Amino acid sequence: MAASDVKEGKPLTSMADVITPNAQGLRPSDIVKPEDPSTWELAWIKGVTPWDFKEPQLSLKEAIESSGLVFPSTGNALVPGCGGGYDIPYLANTLGWDTLGLEIADTAIKIAEEIIEKEKEKNPKFLGRISKQDFFTLNPPDSQHFDLIYDHTFFVAIPPSLRPEWAKQMAKLVKPGGYLITVLFPLVPDFVKAGPPYHAKPEHYTELLSGDFEKVVEKVPEKSSPSHVGQEVLMIWRRKVAL
């Protein structure tokens, strides 16, 4: 199925079609304030975390296991805005890579740390870890840049004014020839002015990334989690190599 087909079905007519509120009727846009990053922790405390799926997304598994990409036997991966860290063990175990998750909410970090500790108990060679770190200030030496970065819901979580800086940081952090896997979810329509999540469509990624990346995949995933059906697009980008 092509990415252009993703909007078939019931049209989105309100924010309720995009994000289901929690038991108290709250959505992330009711709590998270773009000028105050500490409000992400408040969203976790109040349980307003519709992005917290408690397992790796099927779209990520498709990207890693059946998209035709060839990954080296050693490498390192980054998951910005990793939340509870469910993708860290998947990437670390499936690829055998050093995998770093970034998060700023203490409650989410605690969840991720517990998951990572359980993995280490099962496998002392497990290479997953998490850091309390702002993605936009991450500045490792060139030798520690990443073979793969995975963005699921991070792009739509940041204010649109930060998207150009997001793209610059991705281009800086992904090694030449490395991959950026982006899963656009949810497909927030343009009538939704408040966020997060903010209005996004595949063209927004293309406009920002095409200078430094080559798009190698754009599709609706073959399988989606129940909450993602008809509301996600998988895009994979290869970092261009300077001639």
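Just so it is clear, the model here is predicted, and its values are computed rather than measured.
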Of the non-hydrogen atoms in [X] and [Y], which two are nearest, and what is the gap between them?
X: Ile158; Y: Tyr198; answer: O-CD1, 3.2 Å
X: Pro196; Y: Pro28; answer: O-CB, 3.4 Å
X: Glu103; Y: Ala105; answer: OE2-N, 3.1 Å
X: Thr74; Y: Trp97; answer: C-NE1, 3.4 Å
X: Ile130; Y: Ala112; answer: CD1-CB, 3.3 Å
X: Lys61; Y: Pro56; answer: CE-CB, 4.2 Å

I'd like to check the salt bridge (charged side-chain N to carboxylate O under 4.0 Å, His left out) partners of Glu214; sequence neighbours left out, ordered by chain and number.
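Partners of Glu214 under the salt bridge (charged side-chain N to carboxylate O under 4.0 Å, His left out) test: Arg238.
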Using side-chain heavy atoms (C-beta onward) and a distance below 4.5 Å, is [X] in contact with [Y]?
X: Trp44; Y: Asp106; answer: no
X: Tyr179; Y: Phe71; answer: yes
X: Lys125; Y: Leu127; answer: no
X: Leu208; Y: Phe155; answer: yes
X: His152; Y: Leu60; answer: no
X: Leu58; Y: Glu62; answer: no

Working note: Thr107 + Glu41, criterion side-chain hydrogen bond (donor to acceptor under 3.5 Å, both in side chains); need CA distance, chi angles, decisive distance, verdict.
CA-CA 7 Å; Thr107 297; Glu41 170 63 7; 2.7 Å; yes
Using a 6.0 Å cut-off, check whether atom NZ of Lys110 has over 12 heavy atoms from anything other than its own residue.
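No, not enclosed.
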Tell me whether Lys172 at atom NZ has more than 12 heavy atoms from other residues, nucleotides or ligands lying less than 6.0 Å away.
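Above 12, so yes.
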Test your reading of the model: is there a side-chain donor-acceptor pair from [X] to the backbone of [Y], 3.5 Å cut-off?
X: Asp30; Y: Arg27; value: yes
X: Gln57; Y: Ser224; value: no
X: Thr153; Y: Trp51; value: no
X: Thr39; Y: Asp36; value: yes

Determine, step by step, whether Tyr205 and Val233 satisfy the side-chain contact (heavy atoms from CB on, under 4.5 Å) criterion, reporting the C-alpha distance in whole Å, the side-chain angles of both residues, the deciding distance to 0.1 Å, and the verdict.
CA-CA 11 Å; Tyr205 292 78; Val233 177; over 6 Å; no
Establish whether [X] and [Y] are linked, either directly or via other cluster members, by ILVMFWY side-chain heavy-atom contacts under 4.5 Å.
X: Ile45; Y: Trp40; answer: no
X: Leu234; Y: Val229; answer: no
X: Phe126; Y: Ile115; answer: no
X: Leu95; Y: Ile116; answer: no
X: Leu102; Y: Ile109; answer: no

If you apply the rule side-chain hydrogen bond (donor to acceptor under 3.5 Å, both in side chains), what do you find for Glu119 with Asn93, and how did you get there?
CA-CA 9 Å; Glu119 289 294 327; Asn93 290 328; 3.1 Å; yes
Please output the side-chain donor-acceptor pairs of residues 77-92 that fall under 3.5 Å, not counting sequence neighbours, one pair per line with the distance.
{"from": "Tyr86", "atom 1": "OH", "to": "Asp52", "atom 2": "OD1", "distance (Å)": "3.1"}
{"from": "Tyr90", "atom 1": "OH", "to": "Glu65", "atom 2": "OE2", "distance (Å)": "2.6"}

Could you give the side-chain donor-acceptor pairs of residues 163-171 under 3.5 Å, partners two or more places apart or in another chain?
{"from": "Arg163", "atom 1": "NH1", "to": "His199", "atom 2": "O", "distance (Å)": "3.1"}
{"from": "Arg163", "atom 1": "NH2", "to": "His199", "atom 2": "O", "distance (Å)": "2.8"}
{"from": "Trp166", "atom 1": "NE1", "to": "Asp151", "atom 2": "OD2", "distance (Å)": "2.9"}
{"from": "Gln169", "atom 1": "NE2", "to": "Phe135", "atom 2": "O", "distance (Å)": "2.7"}
{"from": "Gln169", "atom 1": "NE2", "to": "Leu138", "atom 2": "O", "distance (Å)": "2.9"}

Taking the six-membered ring for Trp, are Phe53 and His228 ring centroids under 6.0 Å apart?
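Here the rings of His228 and Phe53 have centres that are less than 6.0 Å from each other.
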Charged N to carboxylate O below 4.0 Å: is that the case for Asp212 and Lys240?
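Salt bridge: no.
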Can we say Glu218 and Lys215 salt-bridge, meaning some charged N sits less than 4.0 Å from an Asp/Glu carboxylate O?
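Salt bridge between Glu218 and Lys215, a charged N being under 4.0 Å from a carboxylate O: yes.
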Could you check Lys219 against Val217 for side-chain contact (heavy atoms from CB on, under 4.5 Å), going step by step and ending with a plain yes or no?
CA-CA 6 Å; Lys219 62 179 295 189; Val217 172; 3.8 Å; yes
Step by step, would you call Trp237 with Thr182 a side-chain hydrogen bond (donor to acceptor under 3.5 Å, both in side chains)?
CA-CA 8 Å; Trp237 312 80; Thr182 58; 3.1 Å; yes
Just do the salt bridge (Lys or Arg N to Asp or Glu O under 4.0 Å) check on Lys118 and Glu121 with the steps written out, would you?
CA-CA 5 Å; Lys118 289 179 181 178; Glu121 290 173 3; over 6 Å; no
Please determine which of Leu180, Val174, Asn76 meets the side-chain contact (heavy atoms from CB on, under 4.5 Å) test together with Phe146.
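Among Leu180, Val174, Asn76, the one meeting side-chain contact (heavy atoms from CB on, under 4.5 Å) with Phe146 is Asn76.
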